[in-house]
Number of protein chains: 2
Amino acid sequence: MERIDDIDLRILRILQEDSKKTTKEIAEKLCLTVTPVYERIRRLEKGGLIKKYVALLDKKKINRSVTAICMVSLRYHNEGFIDKFDRQIKELKEVQECYHMAGKVDFFLKIHLQSLDDYHDFVRLKLSRIENVGVLESYFVLKEVMHTTEYYI
Amino acid sequence: MERIDDIDLRILRILQEDSKKTTKEIAEKLCLTVTPVYERIRRLEKGGLIKKYVALLDKKKINRSVTAICMVSLRYHNEGFIDKFDRQIKELKEVQECYHMAGKVDFFLKIHLQSLDDYHDFVRLKLSRIENVGVLESYFVLKEVMHTTEYYI
DNA sequence: GATATAAAAGACATTTTATCTGCTTATGGA
DNA sequence: TCCATAAGCAGATAAAATGTCTTTTATATC
């Protein structure tokens, strides 16, 4: 991928905010015609800079009001165990984010659920049954202060 | 918003995964014509169930390879202070997520940056200068095991 | 500074998609 | 059974995306 210039950046900022904006609307904002804008977007897609386009849903309206953060430490740290944990975590539909961390905690999970009861079940029936899971530390979100999918570029 | 049925759910699953799918493509998957699919999508948008459509960028390709997790505890917990922290955090472009938590830690931040040096500057010049910030605990992501914007519905 | 060359932008035609309208078919009570 | 209502279909129209070709602009070289 060649370098991206200022026009590319402005296009990316717009699309991060609202990907339904038409090429024409974007072109007008940038004082260009549709063709260059169209071609730039295609180039950004082909180059993989734009990964995908998605619809974002309202958590509350689909009944996923509980957000839990869970820090997991494994008992043993052989490479095989870490990969195994990775694979098993990816199977769990409740998990929205999972990071392998540097530090005393090994993994960091963000989980979305309907209720605290569901979290109880999640830990008891799924998470704690994954082999080699050691310490679990759970935190619950009281209020989402901010949450964006955009990067400041 | 009226209840959502199984067809709505199937539409939402598709749009969460790829919002560029055309009404026609979705209609074919669901064995319907474009009109009902079109109207359902409009209804889901109007009802606020679909919040927005966005483009997701590749973190690495835009030079945001470092993800830090930061747990913040405030010194004092009067209501005013909490709101003030909220407002000031929202101003920081590096912060992608911020949650007010239940427990011994007050806030939970996810931050995206170019380098560890930038994190150093972020903490030194921005975070630690916010009034009333007490303990900071930082973690760094070694590997993103999973990260999705989709909800399992 | 003039000129050659390539990259970027524009103009416009064509294809595809979104959107609207009117009509038909299910569905669930009274 | 019949009515009322919601959901779906078919086809027309408007708008957007896409492709092609031309013009402009920037850049490098002489």
Side-chain angles (χ1 to χ4, degrees), chain A residues 1-64 148-153, chain B residues 1-64 148-153:
Chain A
M1 181 93 188
E2 323 80 278
R3 75 191 173 296
I4 53 172
D5 64 11
D6 189 57
I7 296 175
D8 289 329
L9 283 181
R10 293 177 70 188
I11 291 172
L12 290 173
R13 283 186 203 119
I14 293 169
L15 292 176
Q16 281 196 107
E17 161 94 35
D18 176 11
S19 63
K20 284 290 182 196
K21 280 236 160 33
T22 64
T23 314
K24 198 174 149 195
E25 287 174 308
I26 297 170
E28 275 162 15
K29 268 186 208 283
L30 307 188
C31 300
L32 286 171
T33 56
V34 294
T35 314
V37 173
Y38 174 76
E39 283 168 353
R40 278 165 181 275
I41 293 174
R42 277 310 85 80
R43 185 165 49 80
L44 293 166
E45 289 168 355
K46 298 283 180 297
L49 219 136
I50 296 174
K51 262 199 302 190
K52 62 194 307 206
Y53 296 94
V54 302
L56 300 181
L57 309 190
D58 186 308
K59 248 201 311 271
K60 291 195 177 145
K61 295 203 170 150
I62 52 164
N63 251 310
R64 293 289 178 284
T148 175
T149 57
E150 293 169 44
Y151 294 103
Y152 179 83
I153 51 175
Chain B
M1 180 97 189
E2 324 82 276
R3 75 190 173 297
I4 53 171
D5 64 12
D6 189 57
I7 296 176
D8 290 329
L9 283 182
R10 294 178 68 189
I11 292 173
L12 291 173
R13 283 185 203 119
I14 292 168
L15 291 177
Q16 281 196 107
E17 160 94 35
D18 175 13
S19 63
K20 283 291 181 193
K21 281 234 161 30
T22 63
T23 314
K24 199 175 148 194
E25 288 174 308
I26 297 170
E28 274 161 15
K29 267 186 208 285
L30 308 187
C31 302
L32 286 171
T33 57
V34 295
T35 316
V37 173
Y38 174 77
E39 282 169 353
R40 279 166 181 274
I41 293 174
R42 276 310 86 80
R43 185 166 49 81
L44 293 166
E45 289 168 356
K46 297 285 179 300
L49 218 136
I50 295 174
K51 261 197 304 189
K52 61 194 307 207
Y53 296 94
V54 302
L56 301 181
L57 309 190
D58 185 310
K59 248 201 310 270
K60 292 196 177 144
K61 295 202 170 150
I62 53 162
N63 251 310
R64 293 290 178 282
T148 176
T149 56
E150 294 170 42
Y151 293 102
Y152 180 83
I153 52 175

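Numbered from 1 within each chain, the chains take letters A, B, ... in sequence-line order.
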List for me each residue that meets salt bridge (charged side-chain N to carboxylate O under 4.0 Å, His left out) alongside [X], sequence neighbours excluded, and say none if there are none.
X	value
A/Arg64	none
A/Glu28	none
B/Arg13	none
B/Lys24	none

Across all chains, not counting sequence neighbours, the side-chain contact (heavy atoms from CB on, under 4.5 Å) partners of A/Thr35 are A/Glu39
Using the test side-chain contact (heavy atoms from CB on, under 4.5 Å), find all partners of A/Lys51 that sit at least two apart in sequence or belong to another chain. B/Asp58
What residues in residues 11-30 of chain A put a non-hydrogen atom under 4.0 Å from any atom of DNA chain D? A/Thr22, A/Thr23, A/Lys24
Kindly write out the residues that satisfy side-chain hydrogen bond (donor to acceptor under 3.5 Å, both in side chains) with B/Arg10, not counting sequence neighbours, or none if the list is empty. none
According to side-chain hydrogen bond (donor to acceptor under 3.5 Å, both in side chains), who are the partners of B/Tyr151, at least two apart in sequence or on a separate chain? none
Hey, what are the protein-to-nucleotides 20-25 of chain C N/O distances that come in under 3.5 Å?
from: C/dC20; atom 1: OP2; to: B/Tyr38; atom 2: OH; distance (Å): 3.3

Boundaries of the DNA chain D segment in contact with chain A, non-hydrogen, under 4.0 Å: D/dA16 to D/dT20
For B/Ile41, answer base if it contacts any base atom (sugar-phosphate contacts may also be present), sugar-phosphate if it contacts only those atoms, and nothing otherwise; contact means non-hydrogen atoms under 4.0 Å. nothing
Assess whether side chain to side chain donor-acceptor pair (under 3.5 Å) is satisfied between B/Glu45 and B/Tyr53, documenting all intermediate values. CA-CA 10 Å; B/Glu45 289 168 356; B/Tyr53 296 94; 2.6 Å; yes
Measure the angle between the two terminal helix axes of the helix from C/dG1-D/dC30 to C/dA30-D/dT1, five base pairs each, and quote it to 10°. 30°
Within the distance-only criterion (no hydrogens, no angle test), does the side chain of B/Glu25 pair as donor or acceptor with the backbone N or O of B/Thr22 below 3.5 angstrom? yes
